[in-house]
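Each remark here refers to the structure printed beneath this line.
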There are 2 protein chains.
Amino acid sequence: MIPKSTSPTIDDVAREAGVSISTVSRVLNRNVPVSDKVASKVEAAIRALRYTPRAAARNLATSRTSTLGLLLAEIVGDFFSPLLRGVESVAREHGYDLLISTAGRRGPQKELPGPFGKHNADGLLVFAGSLTDEGVRDTYSFGVPMVLLHQSSPQDLTIPCVTIENKAATRAIVEHLITKHNRRKILFLTGEPYNEDGYWREMGYREALARHDLPIEPELIAPGHFDRHIAQASIEQALREKIQFDAVFAGDDEAAVGVYAALRAANLNIPRDVSVVGFDDQGLAQVLQPALTTVHVPIEQVGIEAARCLIQLIQTGTAEPLTLLPTTLVIRSSCGCLEPSL
Amino acid sequence: MIPKSTSPTIDDVAREAGVSISTVSRVLNRNVPVSDKVASKVEAAIRALRYTPRAAARNLATSRTSTLGLLLAEIVGDFFSPLLRGVESVAREHGYDLLISTAGRRGPQKELPGPFGKHNADGLLVFAGSLTDEGVRDTYSFGVPMVLLHQSSPQDLTIPCVTIENKAATRAIVEHLITKHNRRKILFLTGEPYNEDGYWREMGYREALARHDLPIEPELIAPGHFDRHIAQASIEQALREKIQFDAVFAGDDEAAVGVYAALRAANLNIPRDVSVVGFDDQGLAQVLQPALTTVHVPIEQVGIEAARCLIQLIQTGTAEPLTLLPTTLVIRSSCGCLEPSL
DNA sequence: CTGTTAGCGCCTTCAT
DNA sequence: ATGAAGGCGCTAACAG
C-alpha cells in the first residue's frame with residue numbers, strides 16, 4: 001500500500017507477460033486480433049502491476065486527446081448545472097474527458113483562455129458569452145472542431161450551433177397575457193446586452209404586440225439582464241415614474257424573482273394587479289408564490305445535443321449546422337390562471 | 001484563413017527563427033536566461049506561425065499535466081455551481097486546467113471513472129459521494145495527490161479534507177427554535193445516507209435537544225435526503241400519522257421547499273403553526289415565502305480552499321490535513337422572527 | 001547564452 | 001498473430 005515512486009509502463013507489462021510491447025498495446029486497444037491465450041496473459045500482467053496507460057503518451061502518439069473542452073461565460077445560475085450535466089453524460093458515454101474553463105468576469109475573450117491550449121481538447125463547446133466573434137473566428141481558423149451554444153455562427157463561417165426556440169415561445173406567452181388575461185400594457189425586461197436569447201425574446205414580444213395592434217411603448221422596455229437585482233431595480237423605477245403596466249415579461253425566471261420582490265414591496269398583488277411571466281423553468285418557477293407561469297427550456301438537452309454534435313463533428317468532419325430545441329409554455333398562477341400552488 | 005492541415009511544431013518555429021529548438025523551448029518556458037535579441041526573434045516566429053505548444057508532448061516530457069481533476073457525485077442543485085466556480089477560479093489562476101467527471105446515478109465508485117485515468121491530472125478533488133472509501137484508498141495507493149471534500153479521510157490514511165462546520169451550526173439553529181420560539185417538538189429530516197454533512201447535522205440536533213432536556217423522539221426523525229420531494233413525502237406522512245410537531249429542521253434548503261409545500265397543502269401557517277429552518281442559503285432561502293431561516297454555507301469558499309489545498313499538495317507534498325469552514329446562522333422569517341420579506 | 005542529444009510512453013506501419 | 005523499430009513534439013541534461 002505504499003505509493004509506488006514510479007508507475008509501471010507498457011514495457012513493464014510486456015516483460016511481465018513475456019510478450020512485446022506492441023502486443024500489449026493491441027490488447028489495450030482491442031484494434032487488432034490477439035490470441036486469447038496471449039491476451040489473458042497480458043491482462044493478468046496488467047492487473048498484477050496495476051498498470052494504467054499514460055494519457056499524455058497516448059495523446060502524443062495518436063494526436064488525439066479524447067477530451068472535450070467546454071468554454072463558459074460564468075458559472076452561475078440555474079442554467080449551468082443541467083447544461084453541464086448533459087454535456088458530461090454524453091462525453092463520458094463516448095469515452096471523452098471534459099475540460100472546463102470560463103471567461104469569468106473579464107467577459108468574452110478574443111482568444112482561448114491561457115491554460116486551455118488549442119491542443120488540449122479534440123473539440124470545443126463554446127457557450128454564448130465566453131468568446132467574442134473574433135475569438136470564435138480565430139479559434140476556428142486553427143481547425144479546431146467547435147460547436148456554438150446559444151450563439152449563432154459568424155456570418156461567413158458555418159459553425160454548428162445548438163440553441164433553443166425563443167421567439168415563438170415568447171410570442172405565445174405574451175399573447176397568452178393579451179388574449180386570456182386581457183393585458184394591454186406589458187412591461188418587457190431585456191436580457192443581457194449581446195445575448196441572442198434576449199434578442200429573440202424581444203422579437204417575440206414585439207410580434208405578439210403587433211399581432212394584436214398594440215403599440216410598442218419604449219417606456220415599457222427596461223433592462224432585466226437575467227438578474228434579480230437589476231430586474232427589481234427596473235420595476236421599482238417604473239413604479240416610481242408611475243409608468244402604467246398590467247403585466248411583466250421578466251426575461252427569465254431569475255429576473256422574475258426581482259419583479260416579485262418589487263411588486264410585493266409596492267403592495268401590488270400578483271396576478272390580480274400585475275401578471276408576471278418568466279422564462280427557463282428550472283425549479284425556481286415552482287417555488288415562487290404565486291407559482292410562475294413561464295417557458296420551459298430543455299437545458300440538459302441542449303448540453304446533450306451539443307456534445308453529440310461536437311463528437312460527430314470530430315469523428316466525421318460534419319454535423320448539423322443548426323439544432324433548435326423546442327420550448328414549451330408552462331401555465332401556472334402568476335399570469336392569472338388558477339392552479340393549486342406547488 | 002483556411003484551416004491549416006497540420007499545425008506547426010517547435011521545429012518549425014526554430015527553423016523560422018534560425019535557432020535551435022532548445023532555445024525556442026527556453027523562451028516558451030522562461031526558465032533559463034535567453035538574450036533579448038534571440039528571444040524577440042523567436043517570439044516573432046511564434047506569432048508568424050501562430051504556434052501553440054502541444055500539451056501532450058509537454059506532459060509526456062515533464063510527466064506533469066497542469067490539470068486538476070474534479071470528481072463529483074452528481075451535477076445537481078444549488079450546491080454545485082458555486083463549488084465549481086471556486087475551484088475553477090483558483091485552478092485558472094494557478095495555470096491549471098480543470099477536468100470534470102461524475103459518478104452519475106451509479107453512485108460512489110470503487111475506481112476512477114473510465115476515461116478519467118490516473119495520469120490525466122496532477123491531482124484529484126474528490127467530492128463526497130463520488131468515490132467509496134475503497135475507491136479513495138485505491139486511488140491514494142497509486143500516489144495520486146488528492147483532497148477530499150465534505151468527506152473525511154479513511155481512518156489510517158491522512159488525506160487532506162476540506163469541509164464545513166455542520167454540528168455547531170445545527171445546534172445553534174435548533175436552539176434558536178427552542179429558546180426564542182419555544183418550540184419543543186422539532187421534526188428532523190435527515191440527509192442522504194452516508195452523507196457526513198447530514199450525520200453531523202443530526203448530531204447537532206441531538207445536542208441541542210439534550211442541552212434543553214428534550215427527549216429524542218424517533219418518530220420525529222424522518223428521511224429528507226436533501227430532496228424536496230422526499231422531504232415533502234415525509235412531512236405528509238407525519239401529518240397523516242398525526243405526529244405532533246411545532247417545528248421542522250429540513251436538512252437543507254432544497255428539502256425545505258418540500259416542507260413548505262406539504263405544510264401549505266395542509267393549511268398550516270409558517271411560522272405560526274410550524275417553524276421551518278433549512279441549511280445552505282444559496283439563493284433559494286430568500287425566494288421562499290416566508291423567507292427561510294437557515295445556515296449560510298460558504299460553498300464557493302470550499303471550492304477555493306480545496307483547490308488551493310490540492311495545488312499546495314501537488315507542489316510541496318504536504319497540505320493542511322483539515323480545513324473546516326465556518327457557517328453562520330441567518331435569521332429570516334420562517335422560524336417566527338419577523339423581517340421584511342425579500 | 002546556445003546547440004546537441006537522449007529520452008518521456010505509447011501507437012503503428014512493416015516485416016515475419 | 002506477433003515482434004521490431006521509427007516517430008509523435010517537447011523538455012532537460014550535457015557540452016560548448
Side-chain angles (χ1 to χ4, degrees), chain A residues 4-43 45-46 49-67 95 115 117-122 142, chain B residues 4-43 45-46 49-67 95 115 117-122 142:
Chain A
K4 302 251 299 205
S5 51
T6 177
S7 49
T9 72
I10 198 171
D11 299 274
D12 298 322
V13 177
R15 203 174 310 119
E16 171 86 14
V19 299
S20 74
I21 62 168
S22 356
T23 302
V24 177
S25 174
R26 281 167 193 135
V27 349
L28 244 31
N29 297 308
R30 302 229 152 277
N31 291 330
V32 175
V34 178
S35 80
D36 286 358
K37 275 173 38 185
V38 176
S40 55
K41 261 201 314 187
V42 171
E43 277 157 2
I46 289 177
L49 270 49
R50 308 214 304 162
Y51 165 74
T52 318
R54 193 138 319 186
R58 227 167 193 172
N59 297 347
L60 183 56
T62 59
S63 63
R64 290 182 301 99
T65 62
S66 298
T67 297
K118 290 167 193 63
H119 304 297
N120 286 283
D122 294 344
F142 279 97
Chain B
K4 301 251 298 204
S5 52
T6 176
S7 49
T9 72
I10 197 169
D11 299 273
D12 299 323
V13 177
R15 201 174 314 117
E16 172 87 14
V19 299
S20 74
I21 62 168
S22 6
T23 301
V24 176
S25 174
R26 281 166 193 136
V27 349
L28 244 32
N29 298 307
R30 304 230 151 277
N31 291 328
V32 176
V34 177
S35 79
D36 286 359
K37 274 173 42 186
V38 176
S40 54
K41 259 202 314 188
V42 171
E43 278 156 2
I46 289 177
L49 270 48
R50 307 216 305 164
Y51 164 75
T52 318
R54 194 140 318 189
R58 225 167 197 171
N59 296 347
L60 183 57
T62 59
S63 64
R64 291 182 299 100
T65 62
S66 299
T67 297
K118 291 168 191 64
H119 306 296
N120 286 285
D122 295 343
F142 279 98

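Please read all numbers here as calculations on a predicted model, not as lab measurements. Throughout, a chain's letter reflects where its sequence line sits, starting with A, and its residues are numbered from 1.
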Is there a side chain to side chain donor-acceptor pair (under 3.5 Å) between B:Ser7 and B:Arg54? Walk through the geometry before answering.
CA-CA 10 Å; B:Ser7 49; B:Arg54 194 140 318 189; 2.4 Å; yes

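Taking the side chain of B:Val38 as heavy atoms from C-beta on, and the options C:dC1, D:dG3, C:dT2, the nearest nucleotide is C:dT2.
Whole-Å rounding puts the B:Asn59 CG to C:dC10 C1' distance at 14 Å.
Between the side chain of A:Ser25 and the backbone N or O of A:Ile21, no donor-acceptor pair lies under 3.5 Å. A:Ser63 places no side-chain N or O within 3.5 Å of a backbone atom of A:Leu60 that could act as its donor or acceptor partner.
The shortest side-chain heavy-atom distance between A:Thr65 and A:Asn120 does not fall under the 4.5 Å cut-off. You'll find the side chain of A:Arg58 reaches within 4.5 Å of the side chain of A:Leu28, heavy atoms only.
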Any chance you could list the contact pattern along nucleotides 5-16 of chain D? Use B for base contacts, S for sugar-phosphate-only contacts and - for none, protein heavy atoms under 4.0 Å, 5' to 3'.
---BBBBBB---

